[in-house]
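Beneath this line is the structure, given in structure tokens, with notes to follow.
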There are 2 protein chains.
Amino acid sequence: MVRAEVITIGDEILFGQITDTNTQWIGTELTNIGIRPIRKSSVGDTEAAILEVLAEAEARADVILITGGLGPTKDDITKTTMCKYFDTELVINEHALEIITSFFVKRGRPMTELNRQQAALPKACTYIANYWGTAPGMWFERNGKVFISMPGVPFEMKNLMTNAILPKLKEFFETPVIQHKMIRTVGIGESFLAERIEAWEDALPPHIRLAYLPSFGQVKLRLTATGTDAEQLKAENQAQVDKVLPLIQEFVFGFDDDEMETVVGRLLKERGETVATAESCTGGYVSHLLTKIPGSSHYFVGGIVSYSNEVKINQLGVKPETLAEFGAVSEATVIEMSEGVRQRLGTTYGIAASGIAGPNGGSEEKPVGTIWIACAGPSGTVTQKLQLGKFREQNIQYTGIYLLNVLRKQILANR
Amino acid sequence: MVRAEVITIGDEILFGQITDTNTQWIGTELTNIGIRPIRKSSVGDTEAAILEVLAEAEARADVILITGGLGPTKDDITKTTMCKYFDTELVINEHALEIITSFFVKRGRPMTELNRQQAALPKACTYIANYWGTAPGMWFERNGKVFISMPGVPFEMKNLMTNAILPKLKEFFETPVIQHKMIRTVGIGESFLAERIEAWEDALPPHIRLAYLPSFGQVKLRLTATGTDAEQLKAENQAQVDKVLPLIQEFVFGFDDDEMETVVGRLLKERGETVATAESCTGGYVSHLLTKIPGSSHYFVGGIVSYSNEVKINQLGVKPETLAEFGAVSEATVIEMSEGVRQRLGTTYGIAASGIAGPNGGSEEKPVGTIWIACAGPSGTVTQKLQLGKFREQNIQYTGIYLLNVLRKQILANR
């Protein structure tokens, strides 16, 4: 197995001033091509610290990926430090200079000597063109080991990796063939899921590994098959999926990159159906989930965020008597909300949520986390009561996913 | 300066399966009490890797903070590895056992031998009670250096740090007194801000440092004063704020922990005023921002997500002629949207957004990223045209912040 270390350079990461999303992304991508990350390190902007971490990584790993410290200002010292580490010197790279120059010309901005110096690269490295920014990538080889230096800007780093570095690594190291298959479930906890599929999991062949990846009411099951023949591995993954699906069918909403909102959107679009939202406790979050997806205007017509009772009555047609008798957080109210928005906005489905998101506002009878959801459609209205936790933002997010899942099931039931 | 290293343990971090939010949080908290993080490392769940990183960290740092690997299952080996590193053995801690037992009793769940073993701690460590989960914290001392082992669950780790470890560290190391002051700006880029305040920044005394922290249309300016007297440092920070404010007043929306939505909420609540939203391209995101805040029902009445033209016409009263003549993305339309929602929902203010969020749907005249926003209030309606980028989610987020900022300015203008 080829071993990798990932090094990030910058005081701002150590001091917690920025969120490092790079190393997680790099870890996933390396794992995907069969390279095993064995260490991640962050060091500050000092030459001694960078030299030390490079030497440590070289002793342990086959490939060392470095991000950050390539900006034009004085505190970015990765390039000069790499020169020192590889006992080489900086030389202007003409192609890099061309790209940087055109970058400034396009934006109509003046180019300084500092920017010109970004085209200066260590003689010992292979230049990797950065068409997405001004700091080029660098590829060093020594004793069969590879060092890669990339800019820290996530957009630039990801483009360099995807378009140049990952293909180059696959070629250089003859990495094994890896195939992933993801099953996405909702509404069942990790341990209950594990119990249901225990026998299947124990019977997996050694070259197919299973990972449980939980997040917000969802658990992703990821199969990773390692071997030499991509088509065969793909078929083996699929055979395992076919075996396990009957055990967990009612919880599975998608595969691979499917998100709940894309699955729902795809179903609606296929059927030429539409949806509208009536949101109380989720306060617009469900509409936001639906409209995050490009092209959602094909099936999402609009919604009413009915935070006050007046809006529930005037904009959704909820009866004042219903609110008086059962309260805003009740099955009767979400039924009228979902049916009201469906009728007024003229959609195939109307979905609604009303509850106590917290942290305050609960009672003995309806504690914080009590939430009613409903979906009105051509064949009637279904409801569900959720009993969630104490944390406002989590309650909003869980409710969003569960409400879209109720909609998904209704769409499928109307097939 | 006391130097710290932060070590996270777990294959799932290396392989990119989970997002590590712990180390950023720890980095911030350590910096806040005057301890300098000099290295962050992540290693997998193997004894050799953990022993190696511990020895490296001990050679460089004064305090080593370790998270993860404390679960009840076999792959969690931090505790036994710490025993090996400190040449000690595991002994059941009675207080820890009590907490763990009551944890299971409260939840009515059976307790297994594996759970009981979570109360077994290395003899050489000082026990740190974890009232938020089942894995206790551990504090080791050797040659004036401190090693701290904590569970990886963020909620538990943060509670252990805040309630026990940070106070203990401040006492043990006699760290300097640090005072932070944050100024929050919106609508001006980092480099333009830097130009405006260059003379002020250059004149800062050496014990007060300035950091620029940019995110989504906002730039936070953070002053960090280091010394011995908290009250004096606080006063010095405030004096610097008073000096710089006149240079950037029109961009400042808050201080310290203020978020745009909390500032707007506070202003509305103080004045007993209300707001309603009419959202097209932001699709519910602005309502979601407002309702994320507990107690927002005091000033947020509701909103209309008018994705389709029919909803704009029927629910908001936008004139069909306006849409026909100027299009949905136009100043005329957002004026009618904001005034319509204000009138129909009976609020002090109505805010509206309509634009092309992308990635498709643009034209020569109105490219992707063209967005109109409006705020209708007691003294009339103001509008603003935004020209944003190509990325849908970013466009939605920027628009949300800018729209709330227009509302904020209108509230202040109506003083």
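Here is the naming used below: chain letters follow the sequence lines, and residue numbers restart at 1 for every chain. Since we're looking at a predicted model, the values are computed, not measured.
Using a 4.5 Å cut-off between heavy atoms, B:R392 touches chain A through its side chain atoms alone. With a 4.5 Å cut-off on non-hydrogen atoms, B:T19 touches chain A through its backbone and its side chain both. There is no contact between B:T277 and chain A, counting heavy-atom distances below 4.5 Å. Contact of B:R60 with chain A is made through the side chain alone, with heavy-atom distances under 4.5 Å. At a 4.5 Å heavy-atom cutoff, B:I35 makes no contact with chain A through either its backbone or its side chain. For B:E29, no part lies under 4.5 angstrom from a heavy atom of chain A. At a 4.5 Å heavy-atom cutoff, B:V6 makes no contact with chain A through either its backbone or its side chain.
Each of A:A4, A:G283, A:A211, A:S280 has some count of heavy-atom pairs under 4.5 Å with chain B, and the biggest count is that of A:G283. Counting heavy-atom pairs closer than 4.5 Å to chain B, the top residue among A:C281, A:G303, A:G284, A:S287 is A:G303. Counting heavy-atom pairs closer than 4.5 Å to chain B, the top residue among A:S308, A:G358, A:G361, A:A276 is A:S308. Comparing B:I396, B:I18, B:N360, B:L30 by heavy-atom pairs within less than 4.5 Å of chain A, the highest count is held by B:I18.
For the atom pair B:T347 OG1 and A:E310 CD, the distance stands at 12.0 Å (nearest 0.5 Å). Note that CD of B:Q17 and OG1 of A:T31 are 7.5 Å apart. Values are rounded to the nearest 0.5 Å.
Between B:F155 and A:F391, the ring planes lie perpendicular to each other; the angle is over 60°, past the 30° to 60° tilted range.
Legend: residues meeting ring pair (Phe, Tyr, Trp, His ring centres under 6.0 Å) with B:F300, ordered by chain and number and at least two apart, are A:Y307.
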Side chain to side chain contact (heavy atoms under 4.5 Å, CB included), that's the test. Do B:Q315 and A:L345 meet it? Break it down for me. CA-CA 8 Å; B:Q315 309 301 322; A:L345 269 57; 3.5 Å; yes

